[in-house]
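Worth knowing before you read on, the calculation uses all heavy atoms, side chains too, and leaves out hydrogens, waters and symmetry mates. So you know, we letter chains A, B, ... as the sequences are listed, proteins then strands, and number each from 1.
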2 protein chains.
Amino acid sequence: MLVEEGFQGFSMNRLAKVCGVSVATLYIYYADKDDLIKKIGVEIGKNFFCTMLKDFSPDMPFKEGLKKQWENRAKFALKYPNEVACYDIIRHSAHGDYILSESLKDFKTAMGSFFHNAVAKKELTPIGLEVFWSIAYGPLYTLLRFHKEGKSIGGSAFKFSKKTMEEAFELVIKALTP
Amino acid sequence: MLVEEGFQGFSMNRLAKVCGVSVATLYIYYADKDDLIKKIGVEIGKNFFCTMLKDFSPDMPFKEGLKKQWENRAKFALKYPNEVACYDIIRHSAHGDYILSESLKDFKTAMGSFFHNAVAKKELTPIGLEVFWSIAYGPLYTLLRFHKEGKSIGGSAFKFSKKTMEEAFELVIKALTP
DNA sequence: TATAAATAAGCGAACATTCACTTATTTTTG
DNA sequence: CAAAAATAAGTGAATGTTCGCTTATTTATA
């Protein structure tokens, strides 16, 4: 409902009707509407970041590790487009901060280590953490947004593919490695 | 109101009260709530993309042209944070597609020319348009999002600066130029 | 030019509907 | 049969929207 109709079309009464349960039943499992939204957001976020770290270790060689993260991220986006879209909506709502801080908890430590390891091993140009992040993931996120919207800049049709991803990935590596 | 309280806290009656007019007056100028939101979104979007093209020409040398776009984009984000945040909220609502297609109309032609010119002049590695866009602007957008949220990955405080922007920009140029 | 007619702009109060949430009752389960 | 789970049927408050009416400005008429 959130994805298809946005926050405006999302209400407890309508949700209950669609689910085939009474409104009151919702309030057995969730304290209130905010609680429900938060819990959905956190649940998606947990899965999201858990998937991101699959077969990944902060000790991996930089290029290999980043590639794995791109693959995991892309796989999740393609497999669960609704969940991703829903997460995006909730993150852009008033609960955004809470959701993010809650779901990033485990993820951020792993990423911090990965970054510092790579710099120490001289596999990564020493730059600010934010700049690193923006170059390393910004392009991927942009491509996935194009895919979600079904079209790229200019309105022409676009579909995310392994080939597109690898083309972008090589350029990112070119930018980040000494 | 949209920025400070989100879609949930935004109603026609409250808007009218804050504006110091009657609710009925709003309906003289806007057909309904959706119409009002759309028109605000399109207005911001038009300004947004107009600013992006200030002092820019598709014939400029690639590096110079891209730098100008980065500067224009960053300047707008820092000067009108509320407008940008509002635009972001509306774009993530049910009206997102309409707003985007409406405000991108003029912008996309200029960007297409810029891209093709640069490839023809061999100032830009020949790649897919979407890959180009993702590398060229993805990092900037990511940095501006960090700035808006006031913190970067991991929760540490972050403030967008010219220095940060230039560090990222040089890496993007490194990735995109032959 | 003075006055009447027409139009534009705005308003408060009300409309039906929907909202998040609750209570009192019934059904299911162990 | 007792506890837990689910429900139907509400609650008042808030929602988007409209109605009948007033005030201010412009245009047309005598």
Side-chain angles (χ1 to χ4, degrees), chain A residues 1-48 82-103, chain B residues 1-48 82-103:
Chain A
M1 283 184 69
L2 269 174
V3 171
E4 285 176 9
E5 319 189 37
F7 252 108
Q8 303 189 83
F10 177 78
S11 80
M12 297 296 271
N13 288 346
R14 298 201 336 111
L15 176 64
K17 194 165 284 179
V18 168
C19 289
V21 289
S22 161
V23 204
T25 308
L26 294 178
Y27 285 90
I28 296 172
Y29 295 93
Y30 303 97
D32 51 33
K33 193 185 184 185
D34 283 350
D35 183 50
L36 183 142
I37 292 171
K38 278 187 198 171
K39 277 180 176 155
I40 291 175
V42 170
E43 185 186 337
I44 297 176
K46 281 253 160 68
N47 283 339
F48 181 82
N82 273 334
E83 276 80 355
V84 173
C86 182
Y87 187 73
D88 224 43
I89 288 175
I90 297 179
R91 258 203 347 99
H92 278 85
S93 78
H95 312 290
D97 286 352
Y98 172 80
I99 302 297
L100 205 63
S101 73
E102 201 62 25
S103 45
Chain B
M1 281 184 71
L2 269 173
V3 171
E4 284 176 8
E5 318 189 37
F7 253 110
Q8 305 190 78
F10 177 78
S11 83
M12 296 296 271
N13 288 285
R14 294 195 346 105
L15 176 65
K17 193 165 284 179
V18 168
C19 290
V21 289
S22 163
V23 205
T25 306
L26 294 179
Y27 284 89
I28 296 173
Y29 295 93
Y30 303 99
D32 50 33
K33 193 186 184 186
D34 283 350
D35 183 52
L36 183 141
I37 292 170
K38 279 187 197 171
K39 279 180 176 157
I40 291 175
V42 170
E43 185 186 336
I44 298 176
K46 282 254 160 71
N47 283 340
F48 181 81
N82 273 334
E83 275 81 355
V84 173
C86 183
Y87 186 74
D88 224 43
I89 288 176
I90 297 178
R91 257 199 352 96
H92 279 85
S93 80
H95 311 289
D97 285 351
Y98 172 81
I99 302 296
L100 204 63
S101 74
E102 201 60 25
S103 45

**Report entry** Sugar-phosphate only, base, or nothing, as touched by B/Val23 at under 4.0 Å among non-hydrogen atoms
**Finding:**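 The residue B/Val23 makes base contact.
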So, is [X] close to the [N] phosphate, meaning a side-chain N or O under 4.0 Å from OP1 or OP2?
X	N	result
B/Thr25	C/dA9	no
B/Tyr29	C/dG10	yes
B/Ser11	D/dA14	no

From the list [options], which nucleotide is the closest neighbour of the side chain of [X]?
X	options	result
A/Ala24	C/dT23, D/dT18, C/dC21	C/dT23
A/Arg14	C/dC19, D/dG16, D/dA6	C/dC19
A/Tyr27	D/dT17, D/dA8, C/dC21	C/dC21
B/Lys33	C/dC21, C/dT23, D/dG16	D/dG16
B/Asn13	C/dG12, C/dT22, D/dG16	D/dG16

Nearest-0.5 Å distance, [atom1] of residue [X] to [atom2] of residue [Y]:
X	Y	atom1	atom2	value
A/Ile99	A/Glu43	CD1	CD	11.0 Å
B/Ser22	B/Tyr27	OG	OH	11.0 Å
B/Lys17	B/Met12	NZ	CE	14.5 Å

Report the distance from atom [atom1] of [X] to atom [atom2] of [N], rounded to the nearest whole Å.
X	N	atom1	atom2	answer
A/Phe10	D/dT15	CZ	P	18 Å
A/Tyr30	D/dA5	OH	C1'	15 Å
A/Glu5	C/dC19	CD	P	10 Å
A/Phe7	C/dC19	CZ	P	14 Å
A/Ile28	D/dA6	CD1	P	6 Å
B/Leu26	D/dT18	CG	P	13 Å
B/Ile37	D/dT15	CD1	C1'	13 Å
A/Asp35	C/dA20	CG	P	14 Å

**Report entry** B/Glu5, CD atom: more than 12 neighbouring heavy atoms under 6.0 Å
**Finding:**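 Counting other residues, nucleotides and ligands, CD of B/Glu5 exceeds 12 neighbours.
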Query raised in the report: What residue among A/Asp35, A/Ile40, A/Ile37 forms side chain to side chain contact (heavy atoms under 4.5 Å, CB included) with A/His95?
Result: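 It is A/Ile37, the one option of A/Asp35, A/Ile40, A/Ile37 that forms the side chain to side chain contact (heavy atoms under 4.5 Å, CB included) with A/His95.
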Report task. Between A/Ala31 and A/Gly9, name the one whose nearest nucleotide on DNA chain C is closer to the 5' end. Result ->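 Comparing both residues, the 5'-ward one is A/Gly9.
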Query raised in the report: Do B/Ser22 and C/dG12 share a donor-acceptor pair, side chain to base, under 3.5 Å?
Result: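 Checked by distance alone, the answer is yes.
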